[in-house]
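Please read the structure below before turning to the comments.
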Amino acid sequence: MKIATWNINGIKARIDNVVKWLEMAEPDVACLQEIKSADENFPAGRFESLGYNVAVHGQKAFNGVTILSKPPFDDVASGLPGDAKDDQARYLEAVISTADGAVRVATIYLPNGNPVDSDKYPYKLAWMKRLEDHVRDLLEYEEPLVLAGDYNVIPVPEDVHDPEAWAGDALFRPETQDAFRRLVHLGLTDALRACHGEGHQYTFWDYQAGAWQKDNGLRIDHLLLSPQAADRLKRCEIDRFTRGWEKPSDHAPVWIELRL
DNA sequence: ATGTCGATACTTTATCGA
């Protein structure tokens with residue numbers, strides 16, 4: 001089973017690129033972030049005609065996540081528990097059945113958190129704590145679990161082209177990295193790190209300053225796996241080529257193959 | 001040092017978020 005994550009930076013602007021990539025890459029499950037669309041305006045029909053079931057948790061203009069799945073959904077839950085007042089659409093989770101068992105998949109658009117002296121940074125850290133608490137609960141099921149998304153976290157200096165330039169940024173602050181480590185240390189496996197130890201494997205290149213042409217990237221899109229999913233991990237890759245397309249997202253898809 | 005893009009609205013240009 002092939003499971004992918006991609007921050008598409010707006011479904012309206014990216015629909016043709018997303019369809020083209022789905023036809024090429026043929027993931028069984030695709031977790032998309034930053035759809036920037038209300039549920040009722042999301043072009044679910046385009047994906048249904050490609051054979052996908054569609055679960056969407058959107059809002060007008062900003063944020064928004066979706067899961068596209070060829071196998072049917074058993075169960076879908078919108079929103080990250082832990083703060084009833086949080087109305088930002090950043091988390092969606094589904095159980096997906098296959099002939100060889102079920103996998104629980106979450107699509108995550110973790111808050112960016114910049115600027116760090118605004119209320120956005122404490123919101124990011126609080127959101128990460130809520131994610132940690134929720135994942136601790138999910139791990140008790142002892143089932144294959146894939147947490148896929150744009151974490152807006154650069155885990156280590158080897159995940160950024162110029163660590164000094166990013167010092168102090170909300171994606172790279174020690175508090176951010178500590179919160180990410182606490183999540184991983186619940187017992188998760190960082191799939192790309194497990195398959196590619198060499199570092200400098202980027203998933204995002206800013207639109208500005210020729211970042212793509214210079215390979216000035218960041219690794220901020222991650223697939224974190226429960227032990228039962230990690231045991232089935234065959235492969236993890238980044239589809240960098242989409243970043244070179246016309247009208248690209250600033251993020252590239254990342255995908256895993258599981259024996260499932 | 002600067003450089004971009006997408007969505008929105010009392011819309012065609014400014015503002016916000018990233």
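For the numbers below, each heavy atom of this structure counts, side chains included, while hydrogens, waters and symmetry mates do not. The chains referred to below are lettered A, B, ... by the order of the sequence lines, with proteins before strands, and numbering in each begins at 1.
Nucleotides B/dT13 and B/dT2, compared at atom P, are 25 Å apart to the nearest Å. Between the P atoms of B/dT8 and B/dG3, the separation comes to 25 Å (whole Å). When the P atom is used for both B/dC10 and B/dC16, the distance is 15 Å, rounded to whole Å. Nucleotides B/dG6 and B/dT11, compared at atom P, are 22 Å apart to the nearest Å. When the C1' atom is compared between B/dA1 and B/dT15, the two are found 23 Å apart, to the nearest whole Å.
More than 12 non-hydrogen atoms from other residues, nucleotides or ligands lie less than 6.0 angstrom from CD of A/Glu198. Annotation: A/Gln213, atom CD; neighbour count of heavy atoms from other residues, nucleotides and ligands within 6.0 Å is above 12.
Atom CZ in A/Phe204 sits about 12 Å away from atom P in B/dC5, given to the nearest Å. Atom P of nucleotide B/dT4 and atom NZ of A/Lys247 are separated by 15 Å, given to the nearest angstrom. Rounded to an integer number of Å, the gap from A/Gln213 CD to B/dT4 C1' is 11 Å.
For the residue pair A/Tyr207 / A/Asn9, a side-chain donor-acceptor distance below 3.5 Å is found, with atom types taken as modelled. Between A/Glu34 and A/Asn7, the side chains place a donor N or O and an acceptor N or O closer than 3.5 Å (distance only, hydrogens not considered).
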In B/S/- notation (B base, S sugar-phosphate only, - none; protein heavy atoms under 4.0 Å), nucleotides 7-18 of chain B written 5' to 3' is SSS-------SS

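Aromatic ring orientation, A/His222 versus A/Phe180: tilted (interplanar angle from 30° to 60°). Using cut-offs of 30° and 60° for the angle between ring planes, the A/Trp245 and A/Phe241 rings count as tilted.
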